[in-house]
Amino acid sequence: MANLNFTLKEEDWYESQPIQLSTGKFAISINFGDAANNRVVVYKSSNGKDYVPYKTALGVGEFCDMNVDGLIAGQYVMVGCNELPISSSFLESSDSGSYANKSDILAESGRAQLAESQLEQSINAVKTALDELVGTVDATTAIDTFNEIETFLAGVTNEKTLTGMLAVTDGKAVTAQTTADAAKSTAQSALSKATANETKLNTIPEMPANDGKIYGFCNGAWVVIAEVGKNVYTD
């Protein structure tokens, strides 16, 4: 059921909005609010533009309750009256009983089945493509993984692109590598110095036995610099 909304078209004449029919039968109910000599005209049109009178009721009292049939689905109708109603409604039949409508239902059913078949084929094609993409991993696991990636990328904006994030990460990696190389070079230098010192230490002869003399290392050899009880010094 729908409401009819009337607008003034000319002096003492009101017309409703046009309605396209789904069936060929409908009813209208109009309350004028008084028992004056009211007139009601139902117009029809096959193109929604050129309307002609189809059914007329003269001398209508306070209420007009009219059944209209004989039209076909797809036609347009509107209602005209000489007084502005205080309320009005439009009720269309849900069963036209026509062979054409049954054919439309069958055709629509066939289209629905075709659409369902095409949708199933599309789903299978997507599943096959996913299986080929991920290899031995099933499509469900692939979708879950994709959802995780999508969640990670949710915070990536034009100001913070994935390429930019990777570039920053790569820059940090380069800096870490440079620091590691410098530390390695320092360690190698320290090791080289330690090796050189060890080599020098290995060239020093053993200190003479404790014989009451004081020795000093000079020019690659141990020399006596003092003897116990004597003030004798030597080079």
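Keep in mind it's a predicted model, so treat the numbers as computed, not measured.
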Check your understanding: Taking C-beta and beyond as the side chain, do V41 and V79 meet within less than 4.5 Å on heavy atoms?
Key -> no
**Study point:** Flag, side chain of Q17 to backbone of N3, donor-acceptor distance under 3.5 Å
**Key:** yes
Check your understanding: Can you check side chain to side chain contact (heavy atoms under 4.5 Å, CB included) on T175 and Q177, steps first, answer last?
Key -> CA-CA 5 Å; T175 300; Q177 182 64 46; over 6 Å; no
N/O donor to acceptor pairs below 3.5 angstrom from side-chain atoms of residues 54-62, sequence neighbours left out:
residue : atom : partner : partner atom : Å
Y54     : OH   : D69     : O            : 2.7
K55     : NZ   : N67     : O            : 2.7

Point to revise | Aromatic centroids of F90 and F26 separated by under 6.0 Å | key: yes
Review point. If we only count heavy atoms from C-beta on, is the C64 to V40 side-chain gap below 4.5 Å?
Key: yes
**Study point:** Within 6.0 Å of CD in E10, more than 12 heavy atoms from elsewhere
**Key:** yes
Study note, to complete from the structure: Nearest heavy-atom contact between A73 and S22 is CB-O, 3.1 Å
Exercise for review: Would you check if K44 and V52 make a side-chain contact, meaning some heavy-atom pair closer than 4.5 Å?
Suggested key: yes
Check your understanding: Is the closest side-chain heavy-atom distance between I72 and L21 below 4.5 Å?
Key -> no
Check your understanding: So, N47 side chain and D50 main chain: donor-acceptor pair closer than 3.5 Å or not?
Key -> yes
Exercise for review: Identify, with sequence neighbours excluded, every residue that meets side chain to side chain contact (heavy atoms under 4.5 Å, CB included) alongside A36.
Suggested key: D34, N38
Review point. For G80, does its backbone N or O pair with a side-chain atom of E15 as donor and acceptor, under 3.5 Å?
Key: no
Check your understanding: How long is the span from the CG atom in L91 to the CG atom in D65, to the nearest 0.5 Å?
Key -> 9.5 Å
Review point. Can Y43 be reached from I30 by stepping across I, L, V, M, F, W or Y side chains whose heavy atoms are under 4.5 Å apart?
Key: no
**Study point:** Any donor-acceptor N/O pair, S189 side chain to S185 backbone, under 3.5 Å
**Key:** no
Review point. If every non-hydrogen atom of L8 is compared with every non-hydrogen atom of D12, which pair is closest and at what distance?
Key: CD1-N, 4.2 Å
Exercise for review: Any chance you could measure L4, atom CG, to S87, atom OG, to the nearest 0.5 Å?
Suggested key: 10.0 Å
Exercise for review: Show your reasoning for whether side chain to side chain contact (heavy atoms under 4.5 Å, CB included) applies to M66 and V42.
Suggested key: CA-CA 10 Å; M66 181 189 302; V42 176; 3.8 Å; yes
Review point. Are side-chain heavy atoms of S88 and F6 found at a separation under 4.5 Å?
Key: yes
Study note, to complete from the structure: Closest non-hydrogen contact found for E83 with F32 is O-CE2, 3.6 Å
Check your understanding: For Q20, does its backbone N or O pair with a side-chain atom of Q75 as donor and acceptor, under 3.5 Å?
Key -> no
Check your understanding: If you measure from OG1 on T186 to CG on L191, what distance do you get to the nearest 0.5 Å?
Key -> 12.5 Å
Check your understanding: Counting N and O atoms only, with roles assigned by atom type, does the side chain of S29 sit under 3.5 Å from a partner on the main chain of S89, one being a donor and the other an acceptor?
Key -> no
Check your understanding: Given side chains that start at C-beta, do those of E120 and E116 come closer than 4.5 Å, heavy atoms only?
Key -> no
Exercise for review: Return the minimal non-hydrogen interatomic distance between N37 and N82, and the atom names on each side.
Suggested key: O-ND2, 3.4 Å
